[in-house]
Amino acid sequence: MLQLNYIRDHRQEVVDRLAVKNFEGGVIIQSIVELDDKRRETQKQLDDIQAQSNLLAKEIGFLLKSGKSDEANVLKEKTGRLKDKSKDLEVSFEAIKKELDDLLVRVPNLPHFSVPVGKTPEENLIVFQEGKVITAAATDLPHWELTTKYDLIDFAAGNKITGAGFPLYKGKGARLQRALVNFFLDEAVKAGYQEVQPPYLVNAASAYATGQLPDKDAQMYHVGLDDLYLIPTAEVPVTNIYRDTLLKIQDLPIMNVAYSGCFRREAGSYGKDVRGLNRLHQFDKVEIVQVAHPETSYNILESMREYVSGLLRKLELPFRVVKLCGGDMSFTSALTYDMEVWSPAQARWLEVSSISNFETFQSNRLKLRFKYETGKIQPAHTLNGSALALPRIVAALLENGQTPEGIRIPPALSAYTGFEMIR
RNA sequence: GGAGAGGUGUCCGAGUGGUCGAAGGAGCACGCCUGGAAAGUGUGUGUACGCCAAAAGUGUACCCUGGGUUCGAAUCCCAGUCUCUCCGCCA
């Protein structure tokens with residue numbers, strides 16, 4: 001969520017920038033500031049009363065000690081009245097705070113100044129493109145046929161075991177998955193990331209802190225009996241490592257990488273969107289997460305983008321980088337690059353990574369701060385990106401690598417698969 | 001799942017009703033000492049939200065969480081939760 005003080009000091013700017021995200025914020029910002037005024041006023045009253053009570057309590061203590069119980073009793077009556085008053089104030093103070101908080105979490109993050117205005121993905125900005133965008137030959141197959149032809153994935157079996165969107169990888173298909181995970185993890189470690197293995201289930205506090213709750217709860221699988229959520233991405237547990245944390249400035253930047261299964265309900269998706277590996281309920285992903293100093297976070301965002309580009313190059317996939325327009329950005333992000341690979345058979349770009357700077361939006365919820373040597377405390381910036389999500393990478397590898405002899409595996413990866421062709 | 005013990009500041013650890021934001025130690029920061037270092041020594045060393053134009057200062061809250069008792073709670077009571085030990089079960 002946004003910082004309250006920033007909203008107070010930059011009301012018009014906040015409303016204007018929210019408009020870039022197509023969020024009409026005038027009314028809610030107004031209410032937030034008014035509620036905050038009320039909150040301050042109530043706190044002042046409450047604090048004053050409590051200060052009085054504390055003083056009286058001390059006096060009573062002294063009086064009782066020196067045997068003046070009559071005088072003490074007089075004071076006791078007085079504190080009784082103060083207590084009633086402070087109870088009332090406390091109740092309304094809590095109510096105001098809750099109301100304020102409920103409003104604050106409904107305000108999306110401010111887009112970075114460079115974010116293009118727009119409503120739909122068509123208005124995203126293509127900032128970079130590399131590789132040969134090939135047109136599929138008449139004999140070329142889409143990946144969902146290739147996986148059957150070479151017996152790599154059994155969608156029907158997954159369907160029987162669980163349901164649609166839960167594929168069963170087999171043989172070289174399974175090996176390819178494992179190879180990709182290892183390749184991505186090794187590359188990240190080489191680039192300086194610390195490898196972590198997070199839990200796959202998180203509690204509501206964690207889901208709330210990274211912004212999946214309260215607005216995207218329909219996207220997550222919920223285990224009702226234990227009130228836990230299956231992670232939609234490793235971003236959730238990994239970022240939550242730093243919930244309620246006060247770092248030293250020299251701890252920054254923190255670089256973590258995690259492989260995890262990801263679980264998404266994907267309610268409302270249909271059609272070509274969910275064909276084959278395009279959109280699954282369970283998939284594998286390697287995620288990079290950084291906690292950064294506010295002054296360097298945008299450089300780090302660029303370096304993450306460069307890092308992911310490097311992976312795609314090693315996989316020899318044609319890709320492009322897209323800067324999302326305001327309307328296509330997520331609730332929590334300040335600036336997002338999508339990395340997309342080319343699917344010749346579908347003749348379209350597939351998103352395989354989304355790299356975002358959240359600035360202080362997550363850290364405010366997380367209570368993730370760092371401390372300067374001078375003692376000054378400030379929220380840190382959080383960033384993350386997929387590096388990379390597997391299914392569409394697999395789709396692109398299969399479609400781009402298909403030859404009459406079989407599917408060619410790029411050398412960087414065949415070192416991990418142990419085979420160079422899928423025949 | 002059963003039994004017991006316990007959750008105090010960055011860490012260790014004292015504190016069982018008042019003047020306790022909390023002894024002592026370690027760590028850390030700065031200074032002294034030293035040719036330099038170690039040792040020694042001195043000082044400092046929390047977070048959140050307010051008030052104040054602001055620095056200084058100052059108010060409130062916080063000793064796992066939430067309730068309660070009391071004029072007053074780290075300290076007493078209740079509930080929850082987590083950790084540890086033993087037993088059971090088990091990859």
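Below, each value reflects all heavy atoms present in this structure, side chains not excepted, and no hydrogens, waters or symmetry copies. In what follows, every chain begins at residue 1, and chains take the letters A, B, ... in the order their sequences are listed.
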Test applied, side-chain contact (heavy atoms from CB on, under 4.5 Å); reference residue, A:Thr239; option that passes from A:Asn256, A:Leu366, A:Leu368: A:Leu366
How far, in whole Å, is B:A91 from B:A5 if one measures between their C1' atoms? 29 Å
Paired to B:G6 by Watson-Crick or G-U wobble criteria (both distances under 3.5 Å) is B:C82
Is A:Asp48 touching bases, backbone alone, or none of the nucleic acid, heavy atoms closer than 4.0 Å? nothing
CG on A:Leu397 to NE2 on A:His143, rounded to 0.5 Å: 11.5 Å
Going by purine N1 to pyrimidine N3 plus the second Watson-Crick contact, or the G-U wobble pair, all under 3.5 Å, which nucleotide sits opposite B:U45? B:G27
Assess A:Arg313 against A:Phe319: is NZ or CZ under 6.0 Å from the centre of the six-membered ring, and within 45 degrees of the ring's axis? no
Atom pairs under 3.5 Å, N or O on each side, protein against nucleotides 47-55 of chain B: can you list them with distances?
{"residue": "B:U47", "atom": "OP1", "partner": "A:Lys371", "partner atom": "NZ", "Å": "2.8"}
{"residue": "B:U47", "atom": "O3'", "partner": "A:Arg369", "partner atom": "NH1", "Å": "3.1"}
{"residue": "B:A48", "atom": "OP1", "partner": "A:Arg369", "partner atom": "NH1", "Å": "3.2"}
{"residue": "B:C49", "atom": "O3'", "partner": "A:Arg39", "partner atom": "NH2", "Å": "2.4"}
{"residue": "B:C49", "atom": "O2'", "partner": "A:Arg39", "partner atom": "NH2", "Å": "3.1"}
{"residue": "B:C49", "atom": "O2'", "partner": "A:Gln43", "partner atom": "OE1", "Å": "2.4"}
{"residue": "B:C49", "atom": "O2'", "partner": "A:Gln43", "partner atom": "NE2", "Å": "3.2"}
{"residue": "B:C49", "atom": "O2", "partner": "A:Gln43", "partner atom": "NE2", "Å": "2.8"}
{"residue": "B:G50", "atom": "OP1", "partner": "A:Arg39", "partner atom": "NH1", "Å": "3.3"}
{"residue": "B:G50", "atom": "OP1", "partner": "A:Arg39", "partner atom": "NH2", "Å": "2.6"}
{"residue": "B:G50", "atom": "OP1", "partner": "A:Arg40", "partner atom": "NH2", "Å": "3.4"}
{"residue": "B:G50", "atom": "O5'", "partner": "A:Arg39", "partner atom": "NH2", "Å": "2.9"}
{"residue": "B:G50", "atom": "O4'", "partner": "A:Gln43", "partner atom": "NE2", "Å": "3.4"}

P gap between B:A29 and B:A37, integer Å: 14 Å
Counting only Watson-Crick or G-U wobble pairs whose two distances fall under 3.5 Å, which nucleotide matches B:G40? B:C32
Per the ring-ring contact (aromatic ring centres under 6.0 Å, His included) rule, what does the pair list look like for residues 199-233 of chain A, sequence neighbours excluded? A:His222-A:Tyr229
Partner nucleotide of B:G88 by Watson-Crick or wobble geometry (both distances under 3.5 Å): none
ring-ring contact (aromatic ring centres under 6.0 Å, His included) pairs touching residues 41-90 of chain A, sequence neighbours excluded, are none
As its Watson-Crick or G-U partner within any shown strand, both distances under 3.5 Å, B:C71 has B:G18
Suppose you measure atom C1' in B:A56 against the same atom in B:A74; what distance do you get, rounded to whole Å? 31 Å
Rounded off to whole Å, could you give me the CG-to-C1' distance for the A:Asp251 and B:U10 pair? 12 Å
May I ask you to verify if any side-chain N or O of A:Asn54 is less than 4.0 angstrom from the OP1 or OP2 atom of B:G59? no
ring-ring contact (aromatic ring centres under 6.0 Å, His included): which pairs involve residues 149-180 of chain A, sequence neighbours left out? A:Phe166-A:His281
Tell me, please, which residues at least two apart from A:Asn203 pass side-chain hydrogen bond (donor to acceptor under 3.5 Å, both in side chains). A:Ser206
Would you sort out whether A:Glu316 and A:Arg408 count as a salt bridge (Lys or Arg N to Asp or Glu O under 4.0 Å), showing the intermediate values? CA-CA 11 Å; A:Glu316 298 175 20; A:Arg408 183 183 161 272; 3.2 Å; yes
Can you establish whether the number of heavy atoms outside A:Gln197 located under 6.0 Å from its atom CD is more than 12? no
What integer number of Å spans the P atoms of B:U8 and B:A23? 16 Å
If I pick the P atom on B:C71 and the same atom on B:C84, what distance separates them, to the nearest angstrom? 41 Å
Distance between P atoms of B:G21 and B:A39 (Å, rounded): 34 Å
Quick one: do A:Arg17 and A:Glu13 make a salt bridge, cutoff under 4.0 Å? yes
Can you tell me, in whole Å, how much space there is between the P of B:C90 and that of B:A73? 50 Å
Distance, C1' atom - from B:C87 to B:C77, rounded to whole angstrom: 31 Å
Just the atom pairs and distances: protein N or O near nucleotides 65-75 of chain B's N or O, under 3.5 Å.
{"residue": "B:C71", "atom": "O2", "partner": "A:Ala57", "partner atom": "O", "Å": "3.4"}

